[in-house]
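On a predicted model such as this, the values are computed, not experimentally measured, just so you know. Each chain gets a letter, A, B and so on, in the order its sequence line appears, and its residues count up from 1. Hydrogens, waters and symmetry mates are skipped; everything else that's a heavy atom, side chains included, is used.
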Protein chains: 2
Amino acid sequence: MLGECKALANETRLRVLEWLKDPERHFPESAGEAAELGVCVGLIQQKAGTSASTMSAHLAVLQRAGFLLATRRGQWTYYRRDDDRIRAFAERLHRDL
Amino acid sequence: MLGECKALANETRLRVLEWLKDPERHFPESAGEAAELGVCVGLIQQKAGTSASTMSAHLAVLQRAGFLLATRRGQWTYYRRDDDRIRAFAERLHRDL
DNA sequence: TCGCCATTTCGCTAATTAACGAAATTACTC
DNA sequence: GAGTAATTTCGTTAATTAGCGAAATGGCGA
């Protein structure tokens, strides 16, 4: 609960979660192949306007909180939403908050 | 959204919200009279083990986020949950997150 | 009015979080 | 195996948040 809330308590991380709801729309460069794998760090970092290392840390926080899934494919790491766990968290909040 | 999440991103504040779900149980000293008004700062502060000023700041954060309602009665300020707005927030999170 | 009590505000210090660039790591490509 | 590109880790600095005690405020009651 605390970890999840802390993960959401940051502008940049909220925006990333939002973008990943519709990757096609927010990352048109990322077309085709890796659509269901998610979006690679470089593109997210570029769109957010942060350094690569900063974005890497943000994505790690979101992953540890259970909101994102990461898949390493060669030299790229693709991130996508873990909608099941996001929904589960929202429901737990609705029950317990 | 950000403000609400930040408000929840703190152990002490989460515990206060939890306690106020059942004031009778968690604040038996506060019996009777002011039951529906809520619980005064002093009792909450004492239970949490913080200074009065620290708790005052936490309660202000929760109030600004819309999770608590405050009623000043004489020299006491009583806090209680704003369950309507808490529920509304949980639902918005369920929709938008 | 005076003094007291609960609460809030102020000024400050410590802890946590965010950010960067440089260096290290990982994994293709040649 | 060497070179290259993407990502992560490391070390550091800046910004935000949490905490306290002391002082100020607001309101009761003698």
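Taking each heavy atom of B:Arg80 and B:Gly38 in turn, the nearest pair found is CB-CA, 3.9 Å. Closest heavy-atom contact between A:Val39 and A:Pro23: CG2-CB, 3.8 Å. Taking every heavy atom of both residues into account, B:Ala9 and A:Leu2 meet most closely at C-CD2, 3.6 Å. Minimum heavy-atom separation, B:Leu68 to B:Gln63: O-CG, 3.6 Å. The two residues B:Thr12 and B:Ala48 have their closest heavy-atom pair at CG2-CB, 4.5 Å. Closest approach of A:Arg72 and A:Gln75 over heavy atoms only: NH2-O, 4.3 Å.
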Applying side-chain contact (heavy atoms from CB on, under 4.5 Å), run through A:Leu8 and B:Leu97 and close with a yes or a no.
-> CA-CA 10 Å; A:Leu8 297 177; B:Leu97 185 61; 3.9 Å; yes

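Between atom OG1 of residue A:Thr71 and atom OH of residue A:Tyr79 there is a gap of 9.5 Å, rounded to the nearest 0.5 Å. One distance of note links CD of A:Glu11 with NE2 of A:His58; it measures 10.5 Å at 0.5 Å rounding. Distance check: B:Gln45 CD to B:Ser53 OG gives 8.5 Å after rounding to the nearest 0.5 Å.
The pair A:Glu18-A:Lys21 meets the salt-bridge criterion, since a charged nitrogen lies less than 4.0 angstrom from a carboxylate oxygen.
In secondary-structure terms, DNA chain C builds stems of at least 3 consecutive Watson-Crick or G-U pairs, each pair having both distances under 3.5 Å, at C:1-30 with D:1-30.
Residue B:Leu8 contributes atom CG, which lies 17 Å from atom C1' of D:dA18 at whole-angstrom precision.
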Using nucleotides 13-17 of chain D, report all nitrogen or oxygen pairs with the protein that are shorter than 3.5 Å.
unit_1, atom_1, unit_2, atom_2, d
D:dT17, OP1, B:Lys6, NZ, 2.9

Taking only N/O atoms, report every protein-nucleotides 20-23 of chain D pair under 3.5 Å with atom names and distance.
unit_1, atom_1, unit_2, atom_2, d
D:dC20, OP2, B:Ser51, N, 3.0
D:dC20, OP2, B:Ser51, OG, 3.2
D:dC20, OP2, B:Thr54, OG1, 2.7
D:dG21, N7, B:Ser53, OG, 3.4
D:dG21, O6, B:Ser53, OG, 3.0

Each nucleotide N or O in nucleotides 4-6 of chain D that has a protein N or O under 3.5 Å away: list the pair and distance.
unit_1, atom_1, unit_2, atom_2, d
D:dA6, O3', A:Gln75, O, 3.3

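Looking at A:Ile86 and A:Asp83, their side chains come closer than 4.5 Å, going by heavy atoms from C-beta outward.
Using a 4.0 Å cutoff to heavy atoms of chain B, the contacted part of DNA chain C runs 5' to 3' from C:dC5 to C:dT9.
With hydrogens and angles ignored, the 3.5 Å screen pairs no side-chain donor or acceptor of A:Arg81 with any backbone N or O of A:Leu20.
Aromatic ring orientation, A:Phe27 versus A:Trp19: perpendicular (interplanar angle above 60°, classes split at 30° and 60°).
For B:Phe67, the ring-ring contact (aromatic ring centres under 6.0 Å, His included) criterion is met by B:Phe89, not counting sequence neighbours.
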